[in-house]
Amino acid sequence: MNKRILFFVTIVTITLANCSIVYRVTGKTLNSYAQDHLVPHYLASDDLDAICNGGTALGPLVASFERTGASVELATMVAQMGAGMCAEKQAQEAELLYIAAVRKGKGDEALDNQARQIRYHGIAAKRYGDAHNRFIQYFGEWNGKCPSISEHEELYYLVGLSSGLLAILHDFASQGYAGITREVPSVVAGGSKCLDAKKWWGTPLALEAVVWLSVPGATPDGKDASKQMEEAVKLGDQAGVRMSRAFQIQAAAGKGDVEKIKKLILEHSKVLSQIPAKKEYLFLEAFAENLSRHESDKIWMKETGHRGPINFSSFPGKKKNNKEEDDLLKDL
Amino acid sequence: MKKFLILSVIILGTWMSVGVGAAETVDRSMCVFDPSGAHGDVFKAAQRYQAQALTWGIRLDLKAYTDEVVANSDFKAGKCNMAFLTSLRVRGYVHESGSIEAIGALPSYELLRKTIEALSNPKVRELNTDGDYETMAMFPGGAVYLLLRDKNLKDIKDLAGKKIATLTYDQAATTMVDIVGASMVPAEIATFAGIFNNGRADACYSPAIGIKPLELMKGISPNGGIVRFPIGQLTFQIVARHKDFSEGFGNTSRAWAATQFDSMLSLTKKAEQEIPAKFWIEVPKDLQKNYFEKFREVRIRLRDKKVYHPTILKLMKRVRCSADKEAAECADNLE
């Protein structure tokens, strides 16, 4: 009898040990697969919904391999970034419905949609915040010095910084619900110097400038945030990856300058038809476009009660040059 | 009891729809020409117009036609209150607005936009009305380009003696063929692509949006190209009997339509971008002048034949001269 028990215990122990090895190997394989194939595949797709749903669905699975001892920070970071976008889209939708309800004078509807918007901003902040934490886990705490980053890791470094910025912006919008640490802006601003701005389509410059524009007193002496943003936008336009435009519009939206926002959105729309997008990074293009489209829709919803054109190429009630038109029509 | 309940629901439903409908909206109908029928881009634009018209108190019933002749005759017969047609047909109702497509008159989309915006100004409502009819909206449909089987024909003078696939009902094109000394191969929308691709014509004309679906690349390859100089601007217009609509409707409608310029043009621009650069034939400045002069000759001849309306030609000339004050034509008074 005792022999049988011993045999059983031995078998279970061996199996468990094997399983744990198998799981860890699977975790490592998954992580390297994600880095080598899944992420590049994601980045080349312009289907934001598929990526956000993929992130929400696969994120917990990928993250669970951490329990087996496998290092899955980078794969989890990208999945959480995608998941954050899902919540962000929901927040955008609720915001549009809120604006529509205000326009219609429906108080209850407005308050309810505003409450939904705040909740989704909170969820987005948590997910982007988690992505940013994975970035810190992988690259180490920011201590004012750039970590050693291999060429292969640079993109992940950029994604990690971007997710930090998005986390803090959404946390502001959710009235601090996600409790993102207020150190994040300085990590983003500092870390952005570790990447070559030209190589990464101006995005590092844009990240730094958004922090300067969003945090009072953050702009160092002798620096001009708006000018730096312009430079970033130029680099992004040339490269066909217009993330900088998305951040520029976010910064303008934060300031509430509607005329400036309109101008920037129209510029974004125009450049899309002039310079083709870089095929390997269509996802980032789609992300940037979505932000411009949302800002455009907000203006349309407020002014007309409905969303604007899909390519955000115009605004209602554009003032025309009346003098020139009068000259054209004189004595006809 | 059940029957009573159903009856109550029906009565309530009818009362509600009549109540709401009668108080807020008027029912009207629109015949819509789209070569692809209800799945096409023009029909989609008509649906956007339909949604917008609701905010002006008009509930439009849309009917799709794949044949413009039928759409046109149904509108003429009073089967619909308004019609979404090409400017070529609208010219038959509103001489002025239908003349906006005049050959070579608007060489760029910016000039077309300016003209449409100017015509949407409430001060010139009469330029959109003619007898019982009124043009309620104008949308860009894309520039029409000349397609060649042999790219060496890029100067318009080279077309003398060549065969051009020409739509027989297109008076401007037939006049053009006549003026350049080419010969006409009679064609229809359904047949011109085949004629060009098979080599029975040396040239044809089409907006960029037609090039891929009609496989016109077959005719262009390997030695031909597309002349980057718009022959004319195709436009889609909504024409209506104005007595069927309230007094200010036309002004409101035209002002809104003018704001749709960019979104209506986005597919055209995409189609133009998709054409490989090697197929575009750039026309040097001095040769452009030849094109321009020939086109002007056609416009003046067609104006004298009362095909094009003189006021619209004058407006378009002003638009051109506002963009390029130095142009030679700005000093004379021919248009």
Side-chain angles (χ1 to χ4, degrees), chain A residues 46 96 100 103-105 237 240 242 262-279 282 285-286 289 292-293 295-297 299-332, chain B residues 41 44-45 48 51-52 54-56 96 99 109-111 113-128 140 252 255-274 277 309-323 325 335:
Chain A
D46 62 358
L96 290 177
R103 191 183 147 86
K104 285 185 276 185
D237 284 352
R242 284 155 275 239
K262 283 184 178 176
K263 184 177 155 271
L264 295 176
I265 292 171
L266 294 178
E267 276 176 19
H268 189 180
S269 173
K270 204 167 173 191
V271 81
L272 289 178
S273 61
Q274 288 167 344
I275 305 170
K278 206 177 180 72
K279 285 207 171 77
L282 285 179
E285 272 286 273
E289 273 183 43
S292 279
R293 189 175 298 115
E295 291 304 326
S296 154
D297 282 344
I299 295 169
W300 274 92
M301 191 62 92
K302 194 173 168 198
E303 293 185 22
T304 65
H306 59 79
R307 288 155 220 243
I310 191 165
N311 58 356
F312 43 93
S313 59
S314 66
F315 287 105
K318 196 180 78 179
K319 274 187 193 154
K320 287 192 285 185
N321 183 344
N322 290 330
K323 163 84 179 66
E324 193 191 355
E325 202 160 285
D326 283 348
D327 287 346
L328 288 173
L329 297 172
K330 206 175 159 193
D331 306 325
L332 279 183
Chain B
D41 308 318
K44 292 281 177 300
R48 282 202 297 277
Q52 189 60 35
L54 267 176
T55 68
W56 304 324
E96 292 90 333
S99 302
Y109 291 129
E110 234 4 80
L111 298 184
R113 177 209 298 274
K114 257 190 190 172
T115 309
I116 288 181
E117 281 182 355
L119 282 170
S120 74
N121 192 317
K123 288 177 196 161
V124 288
R125 177 174 178 259
E126 71 277 11
L127 289 182
N128 294 281
T252 310
W256 176 80
T259 67
Q260 302 300 298
F261 190 89
D262 286 306
S263 48
M264 286 294 288
L265 208 55
S266 59
L267 281 173
T268 296
K269 284 198 166 166
K270 216 170 239 173
E272 289 181 0
Q273 275 170 0
E274 277 177 9
H309 197 280
T311 312
I312 298 297
L313 292 192
K314 197 166 164 185
L315 170 65
M316 292 192 289
K317 182 188 163 187
R318 279 185 191 174
V319 169
R320 289 196 300 274
C321 288
S322 74
K325 292 183 179 63
E335 271 183 90

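Note on naming: letters A, B, ... go to the chains in the order of the sequence lines (proteins, then strands), and numbering restarts at 1 for each one. Not measured: the values here are computed from a predicted model.
Crowding of A:Lys302 atom NZ: a count of heavy atoms from other residues, nucleotides or ligands under 6.0 Å not exceeding 12. For A:Ile275, the CD1 atom is densely surrounded, since the number of other residues' heavy atoms within 6.0 Å is greater than 12. More than 12 heavy atoms of other residues, nucleotides or ligands sit less than 6.0 Å from atom NZ of B:Lys44.
Interface remark: B:Leu127 contributes side-chain atoms only to the contact with chain A (heavy atom separation under 4.5 Å). Contact annotation for A:Lys270: neither backbone nor side-chain heavy atoms come within less than 4.5 Å of a heavy atom of chain B. With a 4.5 angstrom heavy-atom cutoff, B:Val319 touches chain A via backbone and side-chain atoms both. Interface remark: A:Ser313 contributes backbone and side-chain atoms alike to the contact with chain B (heavy atom separation under 4.5 Å).
Taken from CG in A:Leu328 to CG in B:Asn121, the straight-line distance is 10.0 Å, to the nearest 0.5 Å. To the nearest 0.5 Å, atoms NE2 (A:His306) and CZ (B:Arg48) are separated by 11.0 Å.
Shortest non-hydrogen contact noted between B:Ala118 and A:Glu325 is CA-CD, 3.7 Å.
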Contacts under 3.5 angstrom, residues 264-272 of chain B side chains, donor-acceptor by atom type, not counting sequence neighbours:
residue	atom	partner	partner atom	Å
B:Ser266	OG	B:Ser263	O	2.9
B:Glu272	OE2	B:Tyr109	OH	2.6
B:Glu272	OE2	B:Tyr145	OH	3.1

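The shortest side-chain heavy-atom distance between B:Arg318 and A:Leu332 falls under the 4.5 Å cut-off.
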_Please determine whether salt bridge (charged side-chain N to carboxylate O under 4.0 Å, His left out) holds for the pair B:Lys123 and A:Asp326, giving the CA-CA distance in whole Å, both sets of side-chain angles, and the decisive distance to 0.1 Å._
CA-CA 9 Å; B:Lys123 288 177 196 161; A:Asp326 283 348; 2.7 Å; yes
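Of the listed residues A:Pro276, A:Ser273, A:Gly305, the one with more heavy-atom pairs under 4.5 angstrom with chain B than any other is A:Ser273.
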